[in-house]
Amino acid sequence: MDEQPRLMHSHTGVGMAGHPGLPQHMQEGTGGTDGDGRKQDIGDILQQIMTITDQSLDEAQARKHALNCHRMKPALFNVLCEIKEKTVLSIRGAQEEEPPDPQLMRLDNMLLAEGVSGPEKGGGSAAAAAAAAASGGAGADNSAEHSDYRAKLSQIRQIYHTELEKYEQACNEFTTHVMNLLREQSRTRPISPKEIERMVSIIHRKFSSIQMQLKQSTCEAVMILRSRFLDARRKRRNFNKQATEILNEYFYSHLSNPYPSEEAKEELAKKCAITVAQVSNWFGNKRIRYKKNIGKFQEEANMYAARTAVNAANASSHGSQANSPSTPNSAGGYPSPCYQPDRRIQ
DNA sequence: GTGAATGATTCCTG
DNA sequence: CAGGAATCATTCAC
């Protein structure tokens with residue numbers, strides 16, 4: 001490395017005329033033009049190169065210092081930088097300022113929506129909350145599942161942030177290292193600040209592609225967790241006996257029009273400790289199954305009708321109709337079972 | 001293990 | 001968008 005300064009210098013004390021290492025023609029000033037002299041010069045230079053390692057560290061440092069102090073150095077440096085800029089780096093310059101990667105934006109948006117990136121939302125996510133709300137079954141079982149989901153999500157979140165931090169730290173360390181290296185090298189070769197900046201942006205681009213991989217795998221993990229959570233929700237739990245009785249009671253006492261209003265559904269949902277959606281499901285299933293096989297439900301219908309009648313009788317004996325169904329087995333709607341002898345199955 | 005029962009989901013229709 | 005119909009998937013009784 002120190003070869004260059006040595007060859008470039010001739011005016012300072014170091015390597016000046018009279019120095020035994022300098023070519024003959026440089027020492028003489030006028031320069032020899034004969035072939036033998038030239039051969040001699042080359043021989044001296046080769047000799048110089050061969051003996052470079054023999055120089056002491058101090059001597060090398062002194063030469064280096066001399067180079068840096070040379071009055072022409074800044075000008076020469078600038079010229080070389082300019083030439084370099086105009087040739088090699090002009091090709092790369094065109095692809096700077098690229099627009100944000102749509103794939104990266106998608107990943108970022110998803111991580112934000114799932115509550116992995118962005119501000120902490122108590123370990124939960126909007127998606128989880130929505131899923132939990134839709135899942136119905138307001139029981140403790142469901143909330144346990146939900147908290148399990150949240151715990152796993154927060155685990156993913158933690159890993160994501162730890163890794164991200166690691167990458168950022170590594171990126172910063174590497175950038176600093178490269179910048180220092182380039183700055184150091186800029187003393188001996190033409191490296192402009194602009195070029196250093198460019199190198200930094202290249203490093204950042206490389207690291208952001210690694211970050212993208214991290215984001216991608218985090219998204220995959222969230223998707224797997226979510227699908228597992230949703231699968232778990234598919235697990236069916238039978239309603240308890242009391243809830244089924246309440247629903248059946250309503251159904252058979254409104255057999256002519258087994259379509260509970262929104263208010264009625266809400267009321268039933270509250271009584272049965274299930275969601276309105278589950279009430280709707282139950283009535284949907286019940287209507288279709290009843291219609292398909294009235295015979296099978298006959299016994300059940302008779303039982304509930306009798307119970308309703310007893311309830312009504314009790315209520316009336318107490319001078320109140322409060323709990324009796326409003327439209328029991330009246331005209332129209334679904335065919336009634338044999339409890340009403342005049343309205344048999346179609 | 002098997003089949004019936006049953007809650008949930010999906011697709012279609014008015 | 002609510003409800004009907006078909007179907008899926010799980011639970012439960014035997």
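Chain letters run A, B, ... following the sequence lines, proteins first, then strands; residues in each count from 1.
Contact annotation: A:Lys292 does not reach the phosphate of C:dG4 (side-chain N/O to OP1 or OP2, under 4.0 Å). Side-chain nitrogen and oxygen atoms of A:Arg287 include at least one within less than 4.0 Å of the OP1 or OP2 phosphate oxygen of C:dG4. For C:dG3, the OP1/OP2 oxygens have a side-chain nitrogen or oxygen of A:Lys265 closer than 4.0 Å. Using a 4.0 Å cut-off, some side-chain N or O of A:Lys291 falls inside it from OP1 or OP2 of C:dA5. Between A:Gln278 and the phosphate of B:dG7, there is no side-chain N or O to OP1/OP2 separation shorter than 4.0 Å.
For A:Glu245 and B:dT6, the CD to P distance is 13 Å, given to the nearest whole Å. The distance from atom CH2 of A:Trp282 to atom P of C:dG4 is 13 Å, rounded to the nearest whole Å.
For A:Glu249 and A:Lys271, the salt-bridge test fails: no basic side-chain N is under 4.0 Å from an acidic carboxylate O. Salt bridge A:Lys166/A:Glu163: present, at least one basic N to carboxylate O contact under 4.0 Å. Using a 4.0 Å cut-off between a side-chain N of Lys or Arg and a carboxylate O of Asp or Glu, A:Lys194 and A:Glu197 do not qualify as a salt bridge.
Base contact: A:Asn281 has a heavy atom under 4.0 Å from a base atom. Here A:Phe239 lies in heavy-atom contact (under 4.0 Å) with sugar-phosphate atoms only.
For A:Arg289 against B:dG7, a side-chain-to-base donor-acceptor contact under 3.5 Å is present.
For the residue pair A:Tyr304 and A:Glu245, no side-chain donor N or O sits within less than 3.5 Å of a side-chain acceptor on the partner.
Comparing A:Asn238 and A:Phe283 by the nucleotide of DNA chain C that holds the closest heavy atom to each, the one mapping nearer the 5' end is A:Phe283.
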